[in-house]
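In what follows, a structure is listed as structure tokens, so that the remarks can point back to it.
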Amino acid sequence: TTTIGKLACHFKDGGKSVILAAADTFRAAATEQLTIWAQRAGVPIVAHGEGADPAAVVFDAVASAKAKRADLLIVDTAGRLHTSADLMRELEKVVNVVRKRSKLPVYTVLVIDATTGQNGLQQAREFNRALDLDALIVTKLDGTAKGGIALAVSHELGLPIVKIGVGEGIDDLRDFDAREF
């Protein structure tokens, strides 16, 4: 959720019109958290009540983005345990709604916590199998974590690491530089 807010700010500062979609409807206060990040970034948000169908939120968000001719719609989905078949099916449904309703390219990005251990590789495999991922973002690189699992995921799945999170601030999202890393 934090990364979504940072992305919104990054793209807005780059001259893009951005709308956020709060499709993490089951985690307590997730919508409120994303609303705060939307306010910080100065972008609108589409949200329903807690417990709402995430696919319905995305359906409405795509309609809103089309109506407002937004350049980007960034959807925040719940973090999922790859071992939960029901939750993975729900996430597939959300992604399929966006892909079917959007005339623009759709990118599915997995956000990986740099502190994730070897389980992160299996998690990424399952997400990629279900969602056909396009890229990775690695967060929490401002602490002691080295993010090595992200390199393993990137290498095995052939996915680029496009951004890294290096702090809690709205400007703490950086382009990934493999040589520097």
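Both backbone and side-chain heavy atoms feed into the values below; hydrogens, waters and symmetry mates do not.
- Of the possible polar contacts, one joining the Thr25 side chain to the Ala52 backbone as a donor-acceptor pair under 3.5 Å is found.
- The two residues Val43 and Ala8 make their nearest non-hydrogen contact at CG2-CB, 4.0 Å.
- Between Val62 and Ser102 the shortest heavy-atom distance is CG1-N, 4.4 Å.
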Report task. Report the C-alpha separation of Phe127 and Gln122 in whole Å, then their side-chain angles, then the decisive distance to 0.1 Å, and conclude whether the side chain to side chain contact (heavy atoms under 4.5 Å, CB included) test is met. Result -> CA-CA 9 Å; Phe127 277 96; Gln122 183 59 31; over 6 Å; no
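- Between Lys93 and Asp53, the closest side-chain pair of non-hydrogen atoms falls below 4.5 Å.
- Residues Val58 and Val95 do not share a hydrophobic cluster, clusters being chains of Ile/Leu/Val/Met/Phe/Trp/Tyr side chains in contact below 4.5 Å.
- Nearest heavy-atom pair, Ala21 versus Leu73, reported as atom, atom and distance to 0.1 Å: CB-CD1, 4.0 Å.
- For the residue pair Asp71/Ser17, the side-chain donor-acceptor check at 3.5 Å is satisfied.
- In this structure, CD1 on Ile4 lies 11.0 Å from CD on Gln33, to the nearest 0.5 angstrom.
- For the pair Phe11 and Ile74, the minimum side-chain heavy-atom distance is below 4.5 Å.
- Side-chain contact between Leu7 and Leu173 is present, with at least one heavy-atom pair separated by less than 4.5 Å.
- Using a distance-only test at 3.5 Å, with no hydrogens or angles considered, no donor-acceptor pair links the side chain of Asn128 to the main chain of Ala124.
- When all heavy atoms of Ile161 and Ala150 are compared, the closest pair comes out as CD1-O, 3.9 Å.
- The minimum heavy-atom distance linking Glu50 with Ala29 is given by the pair OE1-N, 4.1 Å.
- Put simply, CD on Gln39 and CG on Leu34 are 10.0 Å apart, with the number rounded to the nearest 0.5 Å.
- Looking only at distances, a side-chain donor or acceptor of Thr35 sits under 3.5 Å from a matching main-chain atom of Thr31.
- A donor-acceptor pair under 3.5 Å is formed between the side chain of Ser154 and the backbone N or O of Leu159.
- Distance CD/Glu180 to CG/Asp175: 10.5 Å, rounded to 0.5 Å.
- Atom CD1 of Ile164 is separated from atom OG1 of Thr139 by 10.5 Å, given to the nearest 0.5 angstrom.
- The two atoms that bring Thr77 and Val94 nearest to each other are CG2-CG1, 4.0 Å, heavy atoms only.
- In terms of modelled atom types and a separation under 3.5 Å, the side chain of Lys66 and the main chain of Arg101 share a donor-acceptor contact.
- In this structure, Ile137 is not a member of the same hydrophobic cluster as Phe176, with clusters built from ILVMFWY side-chain heavy atoms closer than 4.5 Å.
- Residues Pro160 and Leu136 fail the side-chain proximity criterion, which asks for heavy atoms closer than 4.5 Å.
- A donor-acceptor contact under 3.5 angstrom links the side chains of Asp76 and Thr1, judged on distance only.
- At a threshold of 4.5 Å between side-chain heavy atoms, the hydrophobic network of Ile, Leu, Val, Met, Phe, Trp and Tyr places Leu157 and Leu151 in one connected group.
- Proximity of a side-chain donor or acceptor of Asp134 to a complementary backbone N or O of Val109 within less than 3.5 Å is not detected.
- Ion pair Lys6/Asp172 not flagged as a salt bridge, since none of the NZ, NE, NH1 or NH2 atoms sits closer than 4.0 Å to an Asp/Glu carboxylate oxygen.
- In this structure, Ile170 CD1 and Trp37 CH2 are separated by 5.5 Å, a value rounded to the nearest 0.5 Å.
- Grouping the Ile, Leu, Val, Met, Phe, Trp and Tyr side chains by contacts below 4.5 angstrom, directly or via other members, places Leu20 with Val111.
- For the pair Arg125/Glu156, a side-chain contact is recorded, criterion being any heavy-atom separation below 4.5 Å from C-beta on.
- Interatomic distance, CG of Leu131 versus CD of Glu92, reported as 6.0 Å (0.5 Å rounding).
- When side chains are defined from C-beta on, Leu133 counts as touching Thr108, because their heavy atoms get closer than 4.5 Å.
- We find that Glu126 and Arg129 are joined by a salt bridge, their nearest charged nitrogen and carboxylate oxygen being less than 4.0 Å apart.
- You'll find the side chain of Val138 reaches within 4.5 Å of the side chain of Leu141, heavy atoms only.
- No single ILVMFWY cluster, assembled from side-chain heavy atoms under 4.5 Å apart, contains both Phe59 and Leu91.
- Side-chain contact between Ile149 and Leu121: present, with at least one pair of heavy atoms (C-beta onward) separated by less than 4.5 Å.
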Report task. Take Ile112 and Val153 through the side chain to side chain contact (heavy atoms under 4.5 Å, CB included) test and state the conclusion after the steps. Result -> CA-CA 10 Å; Ile112 297 178; Val153 170; 4.1 Å; yes
